[in-house]
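Labels below follow one simple rule: chain letters A, B, ... track the order of the sequence lines, proteins then strands, and each chain is numbered from 1.
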Amino acid sequence: MPETEARRAAPDGTAALPPRYNPSALELRRYAVWRERGYFHPEPGPGPEPYTIVIPPPNVTGVLHMGHALNNTLQDVLIRRERMRGRRALYLPGTDHAGIATQNVVERQLADEGKTRQDLGRESFLQRVWAWREKYGDEIYDQLMRLGMSCDWDRARFTMDEGLSRAVREVFVRLFDDGLIYRGQYIINWCPRCGTALSDEEAEKHEQTGRLYRVRYPLEDGSGFVEVATTRPETMLGDTGIAVHPDDDRYRDLVGRAAILPLVGRRLPIVADAYVDPEYGTGAVKVTPAHDPNDFWIGERHGLERVNVLDPDATMSEAAGAFAGLDRYAARDAVLEALEAEGALVGVEEITHAVGRCYRCDTVVEPYLSDQWFVRMEPLAGPALEALRSGRLSITPARWEKVYAHWLENVRDWCISRQIWWGHRIPVWTCASGHAFAAREDPDHCLECGSEELEQDPDVLDTWFSSWLWPFSTLGWPEETEDLATFYPTNTLVTASEILFFWVARMVMAGYYCMGECPFDDVIINGTVRDAQGRRMSKSLGNGIDPREVIDEHGADALRFTLVASAPTGTDIHLAPEDFKQGRNFANKLWNAARFALMNLPAGFRPEAPAITDLEEPDRWILHRLDETTRRVEGALAAFRMNEAVQAVYEFLWHDYCDWYIEWSKPRLDGPAGDRVRSVLLIALERSLRLLHPFMPFVTEELWQQLPDALREADSIMVAPWPDPGGWSFPQEAEAMALLQDVIGAARALRARYDVPPGRRAPMTVAAETAADRATLERYAGDIARLSSASETRIVADAPRGDGIAGEVVRSGVEVAVRLADLVDVERERERLGSEIENLEGLLGAARGKLADERFVARAPAAVVEREREKAADLERSLERLGELRASLEGH
RNA sequence: GGGUGGUUAGCUCAGUUGGUUAGAGCGCCGGUCUCACAUACCGGAGGUCGCAGGUUCGAAUCCUGCACCGCCCACCA
């Protein structure tokens with residue numbers, strides 16, 4: 001039966017909810033309403049205090065995975081809560097053009113058609129990428145909507161938007177003019193087959209066996225030889241030095257002298273460098289600055305020459321002399337042969353080592369020296385470090401602050417050029433006379449000599465060169481927009497630790513450089529989502545859980561709940577598909593709690609906040625617990641512990657509200673307190689829904705809309721006020737209800753233990769020493785009876801004596817007893833009592849030991865000692881009673 | 001190798017300044033279709049808190065060392 005019919009069919013005219021929560025249809029509908037009403041869109045200019053989060057822009061090529069779902073849910077939790085607190089909350093969405101990844105996707109498409117990007121040429125290739133992005137670029141947005149993200153879609157940005165491209169140009173030119181951008185040589189990962197540079201991530205390391213060759217280089221002065229080792233003998237043609245460790249006694253006297261490169265005859269200076277590991281190989285390293293990143297840095301430090309012996313297609317270059325034109329592997333054999341002929345090859349051994357391979361074509365990647373653009377980082381790093389040290393910026397969990405600081409303290413210049421086509425083209429032009437300049441607008445003549453023969457640098461910028469501007473470029477910078485004035489600096493950045501350097505640290509640097517202000521106050525590092533075995537979820541392993549499938553099956557709220565509840569801030573989480581059932585079950589539980597509260601409301605029922613004096617103990621208790629929960633949630637959120645916050649609401653709703661309060665309300669609904677109980681049921685529910693809304697937006701909104709109008713202070717729970725504690729502090733009632741819960745539990749346990757059938761009468765006697773306890777229990781004797789399925793319950797002062805009694809000592813001075821009659825398995829009871837006595841005796845022994853220790857009594861705080869005394873006394877009395885009970889079993 | 005996190009119930013994990021008998025979810029065992037919910041309810045079993053020292057009246061919690069596991073960075077000529 002469709003939901004609407006079910007409602008219409010309700011006899012009393014109130015809405016009747018179906019017994020199961022069905023999220024699928026309802027979520028899309030709710031989302032559309034929120035969006036139409038503009039709740040996601042805050043206005044700039046004067047108004048309430050703003051609160052801003054920018055999304056870490058996902059790659060436009062991707063689909064959202066569980067890591068995104070967690071990351072974005074945390075952002076949405078914070079945003080929704082601040083929005084409810086009345087702030088102008090802006091959750092700014094967008095996507096990243098992801099240079100290499102996107103280019104690869106399109107190139108793969110082309111490959112299927114038997115074409116390469118070179119076949120198309122730069123311009124039509126780019127058109128093709130744009131077409132791709134037009135077609136698929138919005139898929140991520142659809143997913144974010146399904147997750148319930150309250151993003152301002154009017155402000156969605158893409159890193160290749162016109163505005164953001166302008167920002168990229170602006171900052172490039174500023175840096176260039178400030179002398180912070182320069183051109184230099186750098187070793188990159190080069191795939192000879194694809195003819196392109198690869199990022200480190202794209203050059204996948206694979207363990208494989210290889211050979212380590214030991215080669216003897218003669219010393220220049222003829223006094224002997226120095227032995228070096230290599231896995232790539234052909235690169236020796238590019239050797240320009242030899243390095244040893246400065247403390248290595250074997251080679252100490254060689255430093256400063258020189259060796260002669262076999263086959264080539266080049267003079268190789270011998271230098272001392274701490275990079276060299278004296279333990280490995282021969283302890284002497286041949287230095288090839290043009291073909292090994294480490295050698296590059298050694299060469300840099302010691303001013304060694306760079307000789308590039310390879311061409312881009314991995315054949316030997318002119319510099320390789322006699323070997324020029326040979327493929328690198330043919331050259332390797334030829335070099336080995338020649339070395340052997342000279343008697344310079346002195347040894348070969350098998351080793352396993354990691355070799356980089358192109359992740360697309362599996363070709364072995366060649367470390368390759370090339371000209372690149374760099375940003376000088378040191379001047380930018382200062383303010384970013386200072387932000388942390390001054391407390392302007394904080395990172396949660398705090399341990400990441402050290403990592404962040406360490407990186408900045410040792411920051412290296414940033415290589416920003418990429419030899420691909422998809423991205424922001426480097427805005428540097430060179431004229432026929434060799435004048436190079438950067439420009440904001442495409443120039444038609446040289447700014448220095450006026451020449452109209454201009455050529456733009458063919459490379460594009462690293463993707464991060466646009467994303468490091470994200471917190472302000474998305475708000476309109478370099479224009480001085482109202483958005484920028486209102487929403488910058490942003491407040492909280494939630495991200496994964498992997499991009500702390502790539503992205504976060506650089507955003508802080510850019511924030512200070514461009515805006516003169518830190519881009520955000522707090523950085524929250526969320527953990528990695530892994531599979532049940534702890535492996536990273538990845539496409540290649542096929543172990544990922546698709547958020548869309550979870551949403552289809554269980555709903556977005558279930559997904560959000562499980563993710564947030566299982567993710568303590570900053571720790572990795574392990575998830576199996578069935579874990580999302582917890583979220584689904586909770587949504588359904590909540591649904592049914594509301595169903596109960598709404599069910600049987602008289603037509604036109606108006607809940608009112610009852611005077612406190614009218615409230616009975618269970619009512620006061622639940623409101624007391626609600627206030628406690630409200631404070632817990634607030635405290636946890638203030639410390640960015642979203643998991644604790646949502647768990648607090650979960651425990652309250654399930655275990656306080658459903659397990660106890662609803663049960664206690666049932667017998668009172670028909671009595672004189674009926675309307676009061678109905679009101680408290682609704683009030684507690686309404687506030688809990690608001691507390692839960694940031695985490696589970698859909699089900700809370702749906703139920704909230706079902707509540708009587710008088711309870712709702714807004715058109716949507718999204719914009720209803722965030723709950724403050726209601727001033728409900730009833731510690732006495734809380735204590736009384738705790739007693740009642742214990743007694744009921746004991747009664748249930750007694751029945752369960754003796755397998756008393758559900759329908760069977762089992763008259764219980766509850767003994768309580770204090771009049772106050774008895775009074776409480778008297779008032780709820782009916783509940784005890786009902787909840788324990790007992791037909792009658794006596795409340796007495798003294799525990800029953802004599803034979804045939806089975807008792808459960810609830811706490812010192814309170815006991816639930818049942819006449820054994822024919823209920824009890826005496827032997828079982830004797831055993832149970834025995835182990836219980838043993839247990840308490842152990843505890844008593846420990847307590848007495850402490851109290852007998854004069855150092856404890858003297859040094860521990862008085863309150864702790866007092867508590868220990870009380871504990872010992874209680875244990876003694878309980879033990880005494882258990883002994884009696886055991887004795888009463890004798891003879892049965 | 002340099003950092004850094006972890007080791008608590010069968011599994012996945014909480015446990016915030018050291019202080020009543022260490023908790024949850026799932027799983028397991030037993031019992032319930034009790035009129036909000038079987039996506040539920042009730043009861044139960046199950047833990048020497050990785051190991052060894054130390055500090056303390058008192059340690060899962062603080063310190064040291066060790067053993068495993070993981071992540072980040074640098075990676076081996």
### Query
Are S688(A) and F652(A) close enough that some pair of their side-chain heavy atoms sits under 4.5 Å apart?
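Sidechains of F652(A) and S688(A): in contact.
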### Query
Among all residues two or more places apart in sequence or in another chain, which pass the side-chain hydrogen bond (donor to acceptor under 3.5 Å, both in side chains) test with T231(A)?
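Partners of T231(A) by the side-chain hydrogen bond (donor to acceptor under 3.5 Å, both in side chains) criterion come out as none, since no residue qualifies.
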### Task
Only counting residues at least two apart or in another chain, list the ones meeting side-chain hydrogen bond (donor to acceptor under 3.5 Å, both in side chains) with N585(A).
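Per chain and number, N585(A) pairs via side-chain hydrogen bond (donor to acceptor under 3.5 Å, both in side chains) with no residue.
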### Task
At under 4.0 Å between heavy atoms, which parts of nucleotides 40-46 of chain B does protein reach? Answer with one letter per nucleotide, 5' to 3': B base, S sugar-phosphate only, - none.
SSSS---
### Message
My understanding is that only residues two or more places apart in sequence, or in another chain, count here; which of them pass ring-ring contact (aromatic ring centres under 6.0 Å, His included) with W414(A)?
### Response
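Per chain and number, W414(A) pairs via ring-ring contact (aromatic ring centres under 6.0 Å, His included) with F465(A), W468(A).
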For [X], which contact category applies under a 4.0 Å heavy-atom criterion: base, sugar-phosphate, or nothing?
X: R399(A); answer: sugar-phosphate
X: H655(A); answer: sugar-phosphate
X: L212(A); answer: sugar-phosphate
X: N294(A); answer: sugar-phosphate

Sort me out a list of protein N/O and nucleotides 16-19 of chain B N/O pairs below 3.5 Å, or just none if empty.
from	atom 1	to	atom 2	distance (Å)
rU16(B)	O2	R641(A)	NH2	2.4
rG19(B)	O2'	R867(A)	NH2	3.0

Test salt bridge (charged side-chain N to carboxylate O under 4.0 Å, His left out) applied to [X] - qualifying residues, sequence neighbours left out:
X: R631(A); result: none
X: R867(A); result: none
X: D248(A); result: R250(A)
X: E401(A); result: none

### Options rG25(B), rC37(B), rA77(B), nucleotide nearest the side-chain atoms of V276(A)
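Nearest to the side chain of V276(A) among the choices is rA77(B).
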### Query
In whole Å, what is the span from the NE2 atom of H574(A) to the C1' atom of rG5(B)?
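Whole-Å distance recorded here is 12 Å.
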### Message
Please report the distance, rounded to the nearest Å, between CG in L500(A) and C1' in rG5(B).
### Response
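The distance from CG of L500(A) to C1' of rG5(B) comes to 15 Å, rounded to the nearest Å.
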### Message
Heavy-atom nearest nucleotide on RNA chain B for T230(A) versus S566(A): which residue maps closer to 5'?
### Response
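Its nearest nucleotide lies further toward 5', so the answer is S566(A).
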### Task
Using the test side chain to side chain contact (heavy atoms under 4.5 Å, CB included), find all partners of R584(A) that sit at least two apart in sequence or belong to another chain.
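Counting only residues at least two positions away or on another chain, R584(A) forms a side chain to side chain contact (heavy atoms under 4.5 Å, CB included) with H554(A), A558(A), K581(A).
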### Query
Which pairs pass side-chain hydrogen bond (donor to acceptor under 3.5 Å, both in side chains) with one or both residues in residues 557-567 of chain A, sequence neighbours excluded?
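Sorted pair list: D76(A)-R560(A).
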### Task
Any chance you could encode RNA chain B as dot-bracket? Rule is Watson-Crick or G-U wobble with both distances under 3.5 Å; [ ] for pairs crossing earlier ones, | for another strand.
(((((((..((((.....[...)))).(((((.......))))).....(((((..]....))))))))))))....
### Query
Has E854(A) got more than 12 heavy atoms of other residues, nucleotides or ligands less than 6.0 Å from its CD?
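Open: at most 12 neighbouring heavy atoms sit under 6.0 Å from CD of E854(A).
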